[in-house]
Amino acid sequence: MYNSKITGLGRYVPDNVVTNDDLSKIMDTNDEWIQERTGIKERRWVKKDSDDTSATMGAKASKIAIERAGLTKDDIDFIVFATMTPDYYFPGCGVQVQELLDMPTIGAIDIRNQCSGFVYAISVADQYIKTGMYKNVLVIGSEYHNNGLDKTTRGRGVSVIFGDGAGACVLSRSDNDSGILSSHLHSQGKYADKLIVKAPSIRHWVQDIAKTENDDSYFPYMDGTFVFKNAVVRFSEVIMEGLTANNLAKDDIDMFIPHQANLRIAQYIQKKFALRDDQVFNNIMKYGNTTAGSIIIALTEAWEEGKIKDGDTVVLAAFGSGFTWGSVIMKW
Ligand code: UT7
């Protein structure tokens, strides 16, 4: 068995900043409510006339990650792309990145696991490397949310939360003991309808769309309070699961990067695990919830700001639609 380690990180967010005050001009909401409930001050939203999509933003972040790994596109053996906002039903965004970066005809898969998408994606890449199948796997998390949100007052409980953006990393075979120690994945389809977008889908054919223009099922639905309550429980469980599997204690965590769903969730976990501010990295204040993009954008920013050092124990954890949740424990 080989070890796998992140050798390059990259991120890309659109230029267009949308503040809470901007949102209050198009729906009945306000900065105070959004900040108090979610911690979000602003988010990035792709502009209508922009070429940015989940695939193109993912490709931009990937370019940076590959360069920072000291590799070229031809060194990448496989692509794992996590998104819940693919450019098309099919094919997936992974194959688009393969084309956009002019890569050889390597394999590419999309992971459809919403907020847990990046954790699932990196765990998949990890297996390929540990077994010796691949040496360098490109792992991407990218979301273009705003085009699919209900931006009227009806959708305010969901639409104020989400932002657009992408992150990417190269996971490479490593000769030393550092790198990913383990990953822990779960799901509970029983609660699939608690955070869901029902249409368009194979059950809602395009012909139906014309007939039901006012159907709010075209927009994501979320039972926010229910999701919140489950999130804090599952986050704690899956972090403990990871620590225990590696004979680590809470005190061993040098950096915790939670999925950026809600600052209140991150703060709850921080308090529960008695972590200092410098042991947790949050950037939801600037970007909102970028779903599969959130952890990898935050990890990249934390690393860029020098907050992660060689030998650090880094914990990633996510929870979201599915329900799905997971953690990754790594030695940097
Ligand atoms: O990323 C995937 C996983 N997702 C999560 O982990 C998110 C988990 N859930 C949450 O973060 C929170 O539930 C929310 C931030 C989404 C909502 O906060 P909440 O404290 O649960 O609020 P609520 O939905 O219970 O709504 C409270 C009130 C309602 O008014 P009434 O019925 O009390 O009169 C809403 O209509 O706030 C109202 N409201 C708003 N007001 C202003 C809902 N959205 C807004 C808004 N602006 N944007």
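Reckoned from all heavy atoms, side chains included, excluding hydrogens, waters and symmetry mates. Both counts, for ligands and for their atoms, begin at 1 and track the order of listing.
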To the nearest 0.1 Å, how far is [atom] from its closest protein heavy atom, and which atom is that?
atom	value
atom 20 (O) of ligand 1	Arg37 NH1, 2.6 Å
atom 36 (O) of ligand 1	Arg156 NH2, 3.0 Å
atom 25 (O) of ligand 1	Thr225 OG1, 3.7 Å
atom 5 (C) of ligand 1	Val227 CG1, 3.6 Å
atom 48 (N) of ligand 1	Thr29 OG1, 3.0 Å
atom 39 (N) of ligand 1	Trp33 CZ2, 3.4 Å
atom 2 (C) of ligand 1	Cys115 SG, 2.8 Å

Salt bridge check, [Y] against [X]: does any charged N sit closer than 4.0 Å to a carboxylate O?
X	Y	result
Glu301	Lys307	no
Asp177	Lys331	no
Asp49	Lys47	no
Arg68	Glu304	yes

- Query: Is the backbone of Gly94 close enough, under 3.5 Å, to the side chain of Asp110 for a donor and an acceptor to pair up by distance?
  - Reply: yes

Indicate, as side chain, backbone, both or neither, the part of [X] found under 4.0 angstrom from ligand 1 when only non-hydrogen atoms are considered.
X	answer
Leu23	neither
Thr291	neither
Phe228	both
Ile161	side chain
Asn262	side chain
Thr38	side chain

- Item | Minimum heavy-atom distance between Ile257 and Ala298, given as atom pair plus value | CG2-CB, 3.7 Å

- Task: For residues Phe273 and Phe256, establish whether the separation of their ring centroids is below 6.0 Å.
- Result: no

- Compute the centroid of each ring, for Phe226 and then for Tyr191, and state whether the two points are separated by less than 6.0 Å. yes

[Y] and [X] side chains, donor-acceptor separation under 3.5 Å:
X	Y	value
Asn146	Lys151	yes
Ser172	Asn136	yes
Gln267	Asn262	no
Asp52	Tyr12	yes
Thr85	His145	no
Gln114	Thr291	no

Kindly confirm or rule out an N or O of [X] lying under 3.5 angstrom from an N or O of ligand 1.
X	result
Ser321	no
Ala231	no
Asn30	no

Find all atoms of ligand 1 within a distance of less than 4.0 Å from any non-hydrogen atom belonging to [X], and give their numbers and elements.
X	value
Gly157	16 (C), 44 (N)
Ile265	6 (O)
Gly224	8 (C), 9 (N), 10 (C), 13 (O)
Leu195	2 (C), 3 (C)
Val160	48 (N)
Ala261	1 (O), 5 (C), 6 (O)
Asn289	1 (O), 2 (C)

- Does ligand 1 have an atom under 4.0 Å from some heavy atom of Met222? yes

- Hey, is Met27 one of the residues with a heavy atom under 4.0 angstrom from ligand 1? no

Strictly inside 4.0 angstrom of [atom], do you find any protein heavy atom?
atom	value
atom 29 (C) of ligand 1	no
atom 34 (O) of ligand 1	no
atom 10 (C) of ligand 1	yes

- Given Pro258, which of Ile269, Asn282, Ile265 fulfils the side-chain contact (heavy atoms from CB on, under 4.5 Å) condition? Asn282

- Query: Are more than 12 heavy atoms from other residues, nucleotides or ligands located less than 6.0 Å from atom OH of Tyr89?
  - Reply: yes

